[in-house]
Amino acid sequence: MSEEQIKSLEADFDARIARDEKIEPKDWMPEKYRKTHIRQISQHAHSEIVGMLPEGNWITRAPSLRRKVALLAKVQDEAGHGLYLYSACETLGVSRDELYEQLHSGKAKYSSIFNYPTLTWADMGAIGWLVDGAAIINQVPLCSTSFGPYARAMVRVCKEESFHQRQGFEIMYKLCNGTPEQKEMAQDALNRWWWPSLMMLGPTDAESVHTEQSMKWKLKRKTNDELRQQFIDQTVPQADILGLKIPDTDLKWNEETGHYNFGEIQWDEFWQVVKGHGPCNKERLNARKGAWEKGAWVRDAAMAYAEKQSNKKIEKVV
Amino acid sequence: MKNENLYNYILGIADNNLILGQRLGELCGHGPSLETDIACTNISLDLLGQVRSYYQYASKLKGDNVTEDSIAFLRKEKEYVNVLLVEQPNTDFAYTIVRQFLFDIYNNLFLEELQKSHDITLVAIAKKSIKEVSYHRRFSSDWVKRLGDGTKESNLKVQEAVDNLWTYTDELFHLTDADKAMVKEGIGVDVTVLKSKYYKIVNTLLTEANIVIPDSKWFQKGGKEGIHTEHMGYLLNDMQFMQRTYPNMEW
């Protein structure tokens with residue numbers, strides 16, 4: 001294809017996105033668009049799958065049958081999200097096995113928040129309330145992103161996430177209206193999850209490398225800092241309802257801007273965790289690799305069996 | 001208590017579901033593929049859902065301050081009356097599937113009969129549960145075939161799991177005193193009559209999956225009387241952790 005032809009295709013492509021048309025897997029797309037989407041969607045899928053681990057840590061110890069069932073269902077939803085997102089990614093010409101390989105080798109990233117440990121039952125509440133809350137703020141705009149399979153997957157993901165967030169808030173509410181020991185457990189969880197949740201919305205705009213292009217392709221509609229502000233403005237009143245104190249001495253309502261001012265985020269910690277040195281990076285990756293390696297014989301057996309069955313069918317025909 | 005036999009009878013059914021559901025819950029997030037992970041969690045969810053119906057019924061019979069959670073979380077090990085089979089650990093995926101298969105075939109036959117009980121609540125629970133359990137049976141049977149007739153390695157692993165779990169199958173067909181009393185009243189299922197049908201189904205499917213049926217005539221028992229294997233204490237330790245550490249709180 002000549003350079004001119006490519007330019008004309010690109011112009012058509014950009015115009016389609018500008019008109020809010022969806023790009024489908026078989027449509028022509030610039031190579032960079034394909035690669036960026038593989039990167040972002042697979043990162044998102046990996047986050048769902050790794051995200052099962054910190055909460056999975058409490059399934060066997062959930063404090064009541066109702067909570068145990070709800071937590072199992074929630075973690076299972078995350079597996080389901082992983083499944084649609086890997087499938088959406090596969091439509092761009094990459095296999096699930098390749099994507100796993102990228103996760104296991106450390107080449108692909110996943111959300112850093114899942115490298116923090118879940119130490120008490122209240123962490124199940126805090127994750128639902130804060131982490132899923134931040135995820136929703138990040139993800140709702142993706143329901144209208146330009147790549148069709150991603151946008152459609154996100155509609156369902158967001159519905160389930162908003163249910164998870166309510167469930168998390170309800171766990172916190174129950175703790176905060178329980179015994180002093182329970183309330184203390186809730187406060188401790190908020191203290192540990194607050195700052196990582198703010199970091200989850202990504203580096204500041206000045207440091208964010210992908211924002212401009214992603215805005216153009218509607219992979220992003222607001223900048224990281226705008227999303228973070230939205231999250232804080234939305235969450236502070238919820239903490240008030242719970243009677244919990246946000247662990248930020250600089251947090252203060254600003255009449256002029258109509259937003260909360262907040263303290264400085266420790267970006268060193270963020271980069272440390274991103275670069276693989278958070279409290280649980282090794283554990284999370286080892287758990288994923290372990291499950292994959294231990295399951296190899298199962299997947300091989302399933303393939304061998306399927307082949308035998310299809311050979312039997314062919315033999316019957318002849 | 002007036003309905004003591006019925007109460008104990010219900011625990012005899014539901015404790016199996018609770019302990020197996022707990023075991024499967026350990027695997028969530030660690031399955032050999034996303035699809036099997038989701039399926040095993042689903043089975044766990046079904047079993048725990050059934051547990052809640054049974055324990056809610058049992059707690060009504062017991063009265064006082066008994067709740068589904070006090071039954072689930074606050075008994076001593078000796079008071080749990082599940083069969084030994086369901087408390088066996090998730091040694092590998094072959095053990096998980098074979099344990100499931102050996103239980104599902106029984107559970108499906110059992111629920112077919114429980115639907116004929118004179119106790120209307122048990123009938124209602126059985127009718128709801130059998131829809132779920134017939135799916136579990138299909139899932140575990142398919143996987144036994146897939147792994148048994150897959151590769152040499154998978155065949156050996158399933159054979160090992162069958163050889164080691166076989167010893168726990170006979171207990172499924174033992175009758176406790178509460179069982180006997182409930183059979184007499186037309187409420188309980190006489191599980192002894194299910195035994196020959198059970199082994200016929202299990203043996204046929206294992207043979208189809210290229211698995212040799214163990215010829216051992218020695219079987220383990222005790223779970224139904226509260227005498228468990230060494231694995232049970234650890235399982236309860238995890239399961240009861242919150243209720244024991246933070247007593248008398250609502251969650």
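In what follows, every chain begins at residue 1, and chains take the letters A, B, ... in the order their sequences are listed.
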So which of A/G125, A/A287, A/A73, A/G82 has the biggest tally of heavy-atom pairs under 4.5 Å with chain B?
A/A73
Side chains of A/R67 and B/M242 in contact at under 4.5 Å (non-hydrogen atoms)
no
Check the surroundings of atom CZ in A/F163: do more than 12 heavy atoms from other residues, nucleotides or ligands lie under 6.0 Å from it?
no
In terms of heavy-atom proximity below 4.5 Å to chain B, should A/L71 be classed as side chain, backbone, both, or neither?
neither
Donor-acceptor pair, A/K294 side chain versus B/D92 backbone, under 3.5 Å?
no
Contacts with chain A made by residues 95-105 of chain B (heavy-atom distance under 4.5 Å), listed by residue number:
none
For A/W292, is it the side chain, the backbone, both, or neither that has a heavy atom closer than 4.5 Å to a heavy atom of chain B?
side chain
If we only count heavy atoms from C-beta on, is the B/N248 to A/T179 side-chain gap below 4.5 Å?
no
If you tally heavy-atom pairs under 4.5 Å between each of A/R96, A/E78, A/E293 and chain B, the highest tally belongs to A/R96
Using heavy-atom distances under 4.5 Å, tell me whether B/F93 contacts chain A through its side chain, its backbone, both, or neither.
both
Value rounded to 0.5 Å, distance of CG in A/L72 from CG in B/D46:
11.0 Å
At what distance, to the nearest 0.5 angstrom, does CG of B/L147 lie from CG of A/D300?
11.0 Å
What part of A/A306 lies closer than 4.5 angstrom to a heavy atom of chain B: side chain, backbone, both or neither?
neither
Heavy-atom cut-off 4.5 Å, strictly under: side chain, backbone, both or neither for A/R66 against chain B?
both
Is a donor on one side and an acceptor on the other found under 3.5 Å between the side chain of B/D149 and the backbone of A/Y305?
no
Go through the atoms of B/D37 and report whether side chain, backbone, both or neither lie under 4.5 Å from a heavy atom of chain A.
side chain
Is there a side-chain contact between A/Y86 and B/L34, using heavy atoms and a 4.5 Å cut-off?
yes
Quick one: does A/V298's side chain get under 4.5 Å of B/W143's, heavy atoms only?
yes
CD/A/E184: more than 12 non-hydrogen atoms of other groups inside 6.0 Å
no
Which atoms of A/L65 are under 4.5 Å from chain B, going by heavy atoms: the side chain, the backbone, both sets, or neither?
both
Does any backbone or side-chain atom of B/K157 lie under 4.5 Å from a heavy atom of chain A? Answer side chain, backbone, both or neither.
side chain
Heavy-atom check, side chain of A/Q182 versus side chain of B/Y246, under 4.5 Å:
no
Does A/Q76 use its side chain to pair, donor to acceptor, with the backbone of B/T41 at less than 3.5 Å?
no
B/Q22 side-chain N/O to A/T60 backbone N/O, donor-acceptor pair under 3.5 Å:
yes
Residues that A/Q139 engages under side chain to side chain donor-acceptor pair (under 3.5 Å), provided they are two or more places apart:
A/H44
Taking C-beta and beyond as the side chain, do A/K68 and B/M239 meet within less than 4.5 Å on heavy atoms?
yes
Are side-chain heavy atoms of B/W251 and A/I171 found at a separation under 4.5 Å?
no
Distance (rounded to the nearest 0.5 Å) between B/F241 CZ and A/W58 CH2:
5.0 Å
Determine yes or no for a side-chain-to-main-chain donor-acceptor pair under 3.5 angstrom, with B/E250 supplying the side chain and A/K174 the backbone.
no
Can you find a pair of side-chain heavy atoms, one from B/E35 and one from A/L83, that are under 4.5 Å apart?
yes
Which bit of A/M303 is near chain B, if near means a heavy-atom gap under 4.5 Å: side chain, backbone, both or neither?
neither
For A/R299, is it the side chain, the backbone, both or neither that has a heavy atom under 4.5 Å from a heavy atom of chain B?
side chain
Heavy-atom pairs under 4.5 Å with chain B: which of A/R288, A/M52, A/K308, A/Q309 has the most?
A/K308
Given that the side chain runs from C-beta out, which part of B/N237 has a heavy atom under 4.5 Å from chain A: side chain, backbone, both or neither?
neither
